[in-house]
Amino acid sequence: MARANYQPKLPKGLQGTVTLKEGAPTQSVGDQDEIKNLFPNTYGLPLVEFVPSADGKSDATNTSVNVGVILSGGQAPGGHNVISGLFDGIKKLNPNNKLYGFLLGPGGLVDHKYVELTAEVIDEYRNTGGFDIIGSGRTKLEEVDQFESGLKILKELNINAVVIIGGDDSNTNACVLAEYYLAKGTGVQVIGCPKTIDGDLKNDQIETSFGFDTATKTYAELIGNIERDANSAKKYWHFIKLMGRSASHIALECALETQPNICLISEEIQEKGQTLDDVVTYIAQAVADRAAEGKNYGVALIPEGLIEFIPAVKKLIAELNDLLSSPEYAADAPADRIEWLNNKLSAENAPVFASLPRAFAEQLTGERDPHGNVQVSLIETEKLLSQMVAKKLEQWKAEGRFKGKFAAQHHFFGYEGRCAAPSNFDADYCYSLGVSASELIARGKTGYMAIVKNTTAPADQWVAGGVPITMMMNMERRSGKMKPVIRKALVELDGAPFKTFASQRDEWKKNTCYLYPGPIQYWGPSEVCDKTTETLRLEQQK
Ligand code: FBP
């Protein structure tokens, strides 16, 4: 009850009466001509920032608005606070404004499944984790029929703006929808909001995506507990796979929080052009070195996207994606897809595919998500690696190079953190994003994402505003075609978080330097309960 009543902190610019400060026009981060052609109406818009009004007057022009909200993609802690911030924001503009939630993701808009979010409903969900207030889904909004079907219900409910809370793919779709509704003169605005525990939706404008803070704190608590167990029993190596899709931000943040013996960073493995055998040898060597000092235990963190970053496997996946989305595959509908793929793969990729254990090949060729991505959460990389390490150690034992014991335990932390109750940071950040979205709507903005910057300062010094979504786009190959997408942020090897980790990891590997962060704190000294991630702190430390 006390947590439900927590009043999230807001930046000064969103407290009281708000005015908008417009910045310079923008351009996309890459492929400017193509992006401009595809988004003629929403390209090049200026950055905007909200500041306290000097004369106490608001410059909002659209104060009578009904708004629809959609939760898209994977759950992330704080989604309910974005919705409560949005609700409070539009009610502040005009108490008669209504908020509708489309059910189970973008599909709810297309299929006209919705619910009105009244004060009673909202109050039940303030400061809670999860997306269960309206549910989420991964339907890809990209067809004109879907946009038109959505428009029907928006008109029926007299909705003037839609807020799409999602990751890079969902915000790309938000931008396509914004462009379409603007070009058609429908009067419907579309605003995005940066969500994902993966932490890969960030750039010069977005400091962090919401949910990353809480999810990594939750995993770090669990990893710390496992480290204590490993250090108490001294008999297991724990292989812990961590969610995060392609990018290794979650693994890196958890490593900075818990100091495990090993943390693999996919981006580094790719940069160094390492093979699967190189990775296995690195882990096996660490096991052997610790065993030589009588330490037959350890903790290894593995980012879930690792496999896609091993260059030979990456090439293979790219060809598998093209083949699996080809009309030929659809027409053949093979009973044994592994055999079919074996026959179709190029001479370069076929041997790599053939070398994989059958179970692993099955996982690698399983159904793609609606955005054409491999569902890396379904690939058991932690088991693949530990089996290969065990095999190598057996060989080394026979050669007299390894004299210890190796027993592995496997874990996968992902779903445990996605619906955790938001940390103070996420509770405040998300609420601010929701209010910011309402202020963008009130100024007729469309094709923008709500943002909040300066997030390592106390919350009242945060800076809220909006960024044109086209600014973050470039062209990338998806499902065999070039498409406009928001550029994903991977771990930068010359960035402060990775460099900090790299400067200490040899010490952590050899010795036992575990940290045990314990559970998220809500009350207490601000340096404890408002503390954000090491990643954000190191990145913003100028
Ligand atoms: P989003 O990018 O949609 O936020 O999802 C993140 C994520 O949790 C990834 O870390 C993970 O690979 C994926 O979702 C799992 O998807 P699903 O929920 O469909 O199993």
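Order of listing sets the numbers, starting from 1, for every ligand and every atom in it. As the structure is a prediction and not an experimental result, all values here were calculated from the model.
Under the 6.0 Å cut-off for aromatic ring centres, F425 and Y429 qualify, their centroids lying closer than that.
Looking at T446, T42, L38, T470 one by one, the single match for side chain to side chain contact (heavy atoms under 4.5 Å, CB included) with E179 turns out to be T42.
In this structure, R537 does not pair ionically with E539, as no charged nitrogen and carboxylate oxygen lie closer than 4.0 Å.
Within 4.0 Å of ligand 1, counting heavy atoms only, the contacting residues are G73, G74, R138, K195, T196, I197, D198, M243, G244, R245, E304, S377, Y415, R418.
Under the side chain to side chain donor-acceptor pair (under 3.5 Å) criterion, D428 pairs with Y6, K9, sequence neighbours left out.
The salt bridge (charged side-chain N to carboxylate O under 4.0 Å, His left out) contacts involving residues 73-87 comprise nothing, where partners must be two or more places apart or lie in separate chains. The stretch residues 75-85 participates, sequence neighbours left out, in no salt bridge (charged side-chain N to carboxylate O under 4.0 Å, His left out) pair at all.
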